Structures are given as structure tokens and as C-alpha cells.
Number of protein chains: 4
Amino acid sequence: MLKGLSRAGLGDIGSDERFIALAGEYGFQTVDIDAKGLIDRNGLEGARKLLADSGVTIGSIGLSAEWRHSEDTFRAGLAKLAEEAAAAASLGVRNCCTYVLPATDYKAAHFTAIATRRLRTCAQILGAFGIRLGLEFVGPHHLRTAWANPFLWTLEETLDWIAAIGEPNVGLLFDSYHWYTNGLGLSAIEALTPDQIVHVHINDAPDVPVEEARDNGRLYPGEGVIDLGGFLKALNAIGYKGSVTQEILASEAPTDTPEGLLARSRAGFDKVYLAAGLA
Amino acid sequence: MLKGLSRAGLGDIGSDERFIALAGEYGFQTVDIDAKGLIDRNGLEGARKLLADSGVTIGSIGLSAEWRHSEDTFRAGLAKLAEEAAAAASLGVRNCCTYVLPATDYKAAHFTAIATRRLRTCAQILGAFGIRLGLEFVGPHHLRTAWANPFLWTLEETLDWIAAIGEPNVGLLFDSYHWYTNGLGLSAIEALTPDQIVHVHINDAPDVPVEEARDNGRLYPGEGVIDLGGFLKALNAIGYKGSVTQEILASEAPTDTPEGLLARSRAGFDKVYLAAGLA
Amino acid sequence: MLKGLSRAGLGDIGSDERFIALAGEYGFQTVDIDAKGLIDRNGLEGARKLLADSGVTIGSIGLSAEWRHSEDTFRAGLAKLAEEAAAAASLGVRNCCTYVLPATDYKAAHFTAIATRRLRTCAQILGAFGIRLGLEFVGPHHLRTAWANPFLWTLEETLDWIAAIGEPNVGLLFDSYHWYTNGLGLSAIEALTPDQIVHVHINDAPDVPVEEARDNGRLYPGEGVIDLGGFLKALNAIGYKGSVTQEILASEAPTDTPEGLLARSRAGFDKVYLAAGLA
Amino acid sequence: MLKGLSRAGLGDIGSDERFIALAGEYGFQTVDIDAKGLIDRNGLEGARKLLADSGVTIGSIGLSAEWRHSEDTFRAGLAKLAEEAAAAASLGVRNCCTYVLPATDYKAAHFTAIATRRLRTCAQILGAFGIRLGLEFVGPHHLRTAWANPFLWTLEETLDWIAAIGEPNVGLLFDSYHWYTNGLGLSAIEALTPDQIVHVHINDAPDVPVEEARDNGRLYPGEGVIDLGGFLKALNAIGYKGSVTQEILASEAPTDTPEGLLARSRAGFDKVYLAAGLA
């Protein structure tokens, strides 16, 4: 498994170029950034060199196509998606991810039908470039009632949705926070095959009742109550070999320097990997 | 368009063999029956001869696979579905239909995901035999709240669901009663292409406010308030060439003889086809 | 059915803007042009006005994505395909077509596998914009051996390939010349349903043995030996309502003026429509 | 990885019940047998007990549906396929395999189109029961010209074909003999992900030029020239966790007793697992 970083939790780290350099410096192996932007600014060879010089690859790009609202907006994003997929593929990126809010103001059944088709189209375009689509189910309880109608938030529901989408290159973005807030144990991970997991997020939860853990109240790995050692050990046991990427969503920006936050992140990874027997 | 009959509205008409004979006698061109049962009882050649002798073909078979409940039940129906499809194909049947209740006790989004996959599987099996799957949206208002959560009941929702299912051989069972209780006009029909319609049901509604029209309160064509002339004229104009099949769901069994009910049905068809300019 | 024109057979007719104007002037209803180019030059509203002022719509765009050669070339065309589909959809275009050469220098089975996947991807992108993909089988005998290995050229093979591609929005570009050079009769048309036909080409063949009819030896409708009256009558009978578009591929450019060629084309259409009983 | 047996190479081992018992006795973990037959003869609980008592599971069932010839034959096998898949799923079987001959008497492109659709249908039916479909490419050179037209025999072609089939549950049956006769090295295995491999066959080749290795001239593992240590090591390294199943196709039946052949097979496995560092 590859130690990865997103920008969430690193404060004002600046450009993606600087993010790459610092990630490499602190011993991380992947970053989640916009591959096309990196190429647009540095050229393909420049982008490749930047990554190679830091010993870093891109863990996942984000799905820019807006599949949650109007058909016009969705369609308008598809050419850009193809361009982003082409750019990502040229840098060897194999993953693209999007999150799934657990409630919706649309009628749930109709929204499911429309979103199934749209995410299938996204997966098909990504698949033409050898890229997988990861769907992140979102566990925090408060979000389940943040919109009018319940949508999907459990692992089982998400796997069923992936089957409904029906493309070979769709899987999970498996986030430790959503695993935790769904009340899942290690057996839920052990029941998965590695190809079902496109990408992994890691972060920790505060010591509050699980129902009260807020989506933007996340802690650095090893600083909270989630059994991240068990989490990593189980992922490794089933054969997952991709990125484990930190994503610390918080209501307030951290006040430390990026370097301080990187060191803290690094220490967190070391602690939980050690607990997993993977150090 | 072919004038068709189902057993609903014909009282105790007896065996399918008798149903076929009487349908032919009263000038109908298709019947909706169980193709496999007909072959099981009469042999393939016997079944073909029975139909040919009465000048009748089978408009549609019903989808026997139970896609609405447990996975075990669903799976248990698939081999039978393949057998029924094979039997139907051997008699030249091209259509298989199922209805979609407008509400569900399951969580709507999750149920949509599961049902999307299951109906896709059914469509794939049927498609291997050249048979299409028609989904009947159900309009009566009282059913929308008959189970805990709203599901799908409009034409637009059903077309979106068909797109989510994503197989080339899935379309609508378009029923005049559901068209009427959804408050749709002729333009809704005129916007369709004939390949979107697998099968058509025809029946009439009582002169009550549309919100009060009960699913099992249907009338024979021409005896109620639905603009069935316009309905048929629009279907013909877009190029629909399949069956228009009577289905009279009623809370009480009719008291007349089958022959009387067939004559009444025939008169109803004649009246509304005349109104459509198709006599 | 709509009388349509491509540029093939009209000499040096100039810009698409002039092509549209002249097509309308000579009573044609559709033109096959590049929708995106029209919008790029005139703006969306300008393009709509140009078409509306001439009473003309776009029959089909061409598939620009190169699916026949390297994977890199194929991928490089997908973003452009999405843009072209978006542009076409904004002008109400529903069709995009490509031709299928009857032989290939690649190993036939492997090429079939690759091309199946690529055309599926194209169909999926087009389908996201409500556009169908038409595949034109190519009948002239001399082309069957023009490359090392036989590929597909019959109607049956093409329908089987469409089933292998497996998307709901893929069908035939049905060209009278390929119908003729395949030795097909009217029953082959009568066995189709209109949704299987995305687009129709019309042109005539010289009075030579069918095996000697060259792909670039086509004549204007009504000037050769193909039973175009029967062709059109059968298409109309099955319910085809789309464009019938002239495409005169010839080894030498015509010497007449565009106006002269348009008048000749118009006379040809009038003659064969009359023969079809559709005048 | 699980040590597995097929009947090929074990002489006249008798009933599947005896085969299961002996496989367990000789330390094998999986057998390739007909799951439905086992249940038909022993009941579901009886079949489960037989397997559990011997510590054996079923590695893969064979695809009984005949996808290589007429459409009628193909269709006639689909109901049985659903029954077999249901039976297999009830015993926890996740794999079903078929082999792909490297040449065909049919026109290659057309056959590819038809077979793509048919194997997709098989995969869809199997997928409804959680079962994957493995395609075995066949490497021996003499078979490439055993029928009129070349079909598919390389790993790359087969992966491209799997992509053309386009279902999430289709992958490779990866046989050491076909890997060897295709002249592939370890890097070809290392480039795969474990989800691309449904099932593995193991057997060895005689010390003849690779072009002369006959399909039915296979040796027991460790008795020939294939680098089976490297083969297993590479499969293990990419994370493959399924069965490695012996299949010794030979022109003459072995003369030893089943027990002798099992001991010989066991010794072969021990030797090559040791060479792979997996003992």
C-alpha cells in the first residue's frame, strides 16, 4: 500500500508543484491532484519529471463532471472529463473519484436512476483511458438528514449501486471515517476483494459517540479513536496495493505551517502502519 | 396496431386454449398468455397450430421472475425465465412485461439500485431470445402512498429508469389508464418513438376526479372518460405497430358470460378505433 | 422520410453555409455537415437561424474519432467527439455515422474485438447526448480483397456486430449501393424495424454486373439500375422516418455547376420517390 | 493460492464423490467438477458435507453452454446454464471456465462478433449468481492452423476480447502451457492484476521446440521444461489467491492407478511450489 496525501489537512501548501515536492520530502508516495492542470502548466515531460524527481505518483484525480444536478450541466462536463482522463492516463494515473452524499433534495428513486446512468457514462469515458471510478460512500450521521430524502450511505448499498452502474471499472473509495461512522468492523473489509477498492482515504475520529462524529471534524491518523491499525491490516490482508491517502476535513483551517502538518501527518502514518504490523 | 386481449375483463373464460379460440372468434389478433404453458400442454407444433387456427398471436408474456424482493427469490426465477423466453421465442413472441408499483416499503434509492440490476439481468436473458422487456409505470394516485416510500410512476421517471437499466431491449408498457392518471396529454405520446414502446394496454376510467381513479376501477374501452381515440391516433402516428391489449382490472368479477364480455370488448375497441380514425 | 444531401455529388459547392442555403432552395430537408464547425463559425443562435431560414436540419454528422488504427489515435479523438456530440445535440441532431471497410490489414478476430470496444465507447459518448451511431456496411466486391483479411460487409454480419457492440443507440447506415452490391432484395428491408436504421444513403449503380460495381462509380438516383423505388417503398413501409441522403462517390469530380447538380439530384429524387409511390 | 485438481491426468478415478475424497486425502484444496451433478446426486446438504469432510472446495465449473456453433444450440443451453450457476453458487463456487480454440472454420470477424455477444450473455447469467467467467486462450502452434481461419490465441488478444465482451465478471483462465507456448515471460504475468485471472491451470511441457509442443502432450508439473516456479511466484506476487489446477491433457490414458497418479501430482506440486518459494 502506498502512503498518500491530499491537500486536505496540510494548510496553505501552495501550488501543486510545491505539494509534490513536499510530499516526496516527507516520504509520501502519492498525491491527489489535478493531473491535467499539472500538464497544462509544465508540459507532459515537465509534469513527468516533477513527479519522478520527488518519487511521487498521482493517487487519484477528482471527478470534475457534475453528475448531481441538471442534464445540461452534466453533458457540459463530458468533453472536459475526456481531456482530464487523457491527461491523467498520460501520467500513469489509474483512479478518479467522487463522493456520494447520503441524502438528496431530489426524489430518491428518480435521482438514483439518473445518477446511475450518468456515473456509468463517466465510468465509460474514464474506462476508455484505463482509469477506474471510485465512489465514496459518506457515513456521518448528521448528513443523512441534511437534505430532504435519504440516498445511499452504507457499504452494502454502495456495492449494490456499483453493480447497478454495471461497468467493470467502478469500485469504492473506501474512507476510514465512513467505515467507522457506518459502524463497520474488520470483517466488512475482509469480505472485499482488492479490485472492489479503487482508492482509500485515511483519517481519524474524535472521541465522541459515533453518531456525533461530524464530516468536517476529522483528525490526523493515530490521533483519534478509529482502529486504523486494524483497518490497514485488513486492507493489506485482502491484497489491496493502492494508495492510502490522508484527507483531513475540518471546520477550521489548521494554524501550523505546511511543514509542521506534513511532519504530523507522517508521524500519524508511521504510528498506524506500525499498529498494523506494516512498518 | 393489433387488437389484443388479456384475461382481465373477460370473466371466467377457462383455459388458454379456449381463450385463444374465443379471441379469434371475436376478431382479436393477439392474446397475452403463458407461452410455455401452452407448449407444455400442446407441444410446440400443437401450440403453433392452435394459434394459427384462430389467427391469433401472443402479444406479450408476463415476467415471472420476482425482482421486487429477496435476492434468493430473484435468482431462483432465472432458469425458469430462460425456459419461458425460449418457449415464447419458439412461438414468435417478442415481448415480456412487468409492472412497477409506484411506492415501496424498501428504502427507495437502495431498491432502485437493486431493481435496476435485476431487471437488467432479466432483459439480458430475454434479449438472448430476441424478446423485449416492457416496464409498466402505474399512475393511480392512491397507490403512490400505499407503501412507505415513493418509487417511480411518471413516464419521464420510467424512461430515465430504462436508460439506467441500459439494455437495448427494454421499453415501456404504455397503459392508457396510467397515461390518464398521470395527467399526460397527446404530446407525451407524440414525443415517443415506436421502439420505446414494447406493449400497450387499453382500458377506460370512470367519470371521477383523476386523483380518485382507482387501479382496480377500470372500465371497458369507450365506456369512460379517457380520450382513447386520441390515444390510439397518437400511437399510430408515431409508428407503433404492436398490440393494444385490453386489461380491465376491477374490484369485482364481471357477472356476464365470457361471450358477452368479449362482445362488449369488441364493441369498445370498434368505438375507440373509429374515434381514432383507424376503423 | 426526409430528402437529404451530402456534399458528395454536388461539386464545389463551397461553404457549409452556402450548402445549407442551396439545399433549402432546391427543396431538400436535411444536409450532412459538421455541426460543431457551423456553430464555431456562426454561434449557436446563428447556426440555428441559418438552418431554420433554409428549412433544413442536419441529417447526420460524421464520426471523427478514428477507431480503425492505434489506441493512442483513438483516445486522442474522444474529447473532440464529446464536443462534437454536444454541438450536434444543441442543433437537434440525432445521428452520427461511420463506414466499415469490408477488409482489414489487421488480424480479423483481434481487430473485431478492438473495434467492438472502441465503437461501443463512441456510442456511449454519443448516447450521453441523445445521438445514435450508424454503421455503414460497404458492399462493393472489389473492396473485399483490397486489404489482407476479410472483415464484415453483409447486413447480417453488421447486425450481429451491432449486437456485439451492445449499446441501445447503435444501428445501421443503410446505403442503397451496399444493399444492391450485397445482392439483397426488398425482403431484407422488410425484415428490419425502423429503430435499426440510423440513417439512409441513396445513390444508383451503373448497368454493369453487380460484382463490377465500384465503390466510387456511383450514379445519381434514378440514373442507374438499382430498384430505388422499391428501396424507398420498403423503408417507408417499415416506418422509417429519417433522412434519405444522397451520396454520389465518383472517381472524377462532376463538371457541372453546383446548381446544375442540385437540379439533377432533385430530379433524381423526384423520379425515385414517384416510383415508390411517395411523391 | 489453492492447490487444485481436474480429472485430466488422474486416470479412471471414478465418481466425483471419489475424486473429492481422494483429492482431500492427497492434500489438494480444490477440484474442478460439475457442481449441479454433485447436488443432484447428494442433495445440497449432502454435497456440502462431502466437500467439507474432505476439506475441498470446487475450483471452477465448466461452461456447458455451447457458444461456438448455431444460435439454436446456444439458446438451448441458457436455462441449463442458469441452473448450473445456481447450483454452483449454492456450493460457494465463484468460477466457470471455457476454452477458446485459436482457429475457426467460420469467417473470423463474424464469428468474433457472434461469440462476443454469446459469451457476454453467459457472463451476465453467471454474474447474476456471483460467478465469474474465465476464458482460456490456447497456445499450441499446431492448433492455430487446425481450422480454416485464425482466431485468438495470445494473452493480449484475449484481454482485448474480454474488454470487448465488457462484463465486470469476465477474466482469464491462465494456463501455464498456453503461457509457455505463446512464448511469454514472467513480465507478462507481472503486468496482470489478480482480478484479471479467474482460474489457473498448471501442467508442464516436454523438451521439444516450443512450436512442436502439442496440446495433448502435456506433462505433470515439475516433469518438464516450463519455469513453473517462476510462474507460481509471479502469480503469487501479483496477489492471485485462487486455484492452481492441474490439467494433464495427453494422447494416451495414463496406466498408473489413480492413487499413483495423485501421488505423482502431489510430488509435482510440491516440487514447483518449492521452486517458487511457496512451500
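Quick note: numbers below take in every heavy atom, side chains included, and nothing from hydrogens, waters or symmetry partners. Computed from a prediction, not measured in an experiment: that's the story for all the values here. To find a chain, count down the sequence lines: A is the first, B the second, and so on, and within it residues start at 1.
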Checklist entry - Which pair of non-hydrogen atoms, one from D:A109 and one from C:P150, has the smallest distance, and what is that distance? => result CB-O, 4.4 Å
Checklist entry - Any donor-acceptor pair under 3.5 Å linking the side chain of C:K107 with the backbone of D:E157? => result no
Item to check | Contact origin within C:I165 toward chain D - heavy atom pairs under 4.5 Å | outcome: backbone
Item to check | Proximity of residues 110-137 of chain C to chain D, residues having a non-hydrogen atom under 4.5 angstrom | outcome: C:H110, C:T112, C:A113, C:I114, C:T116, C:R117, C:R120
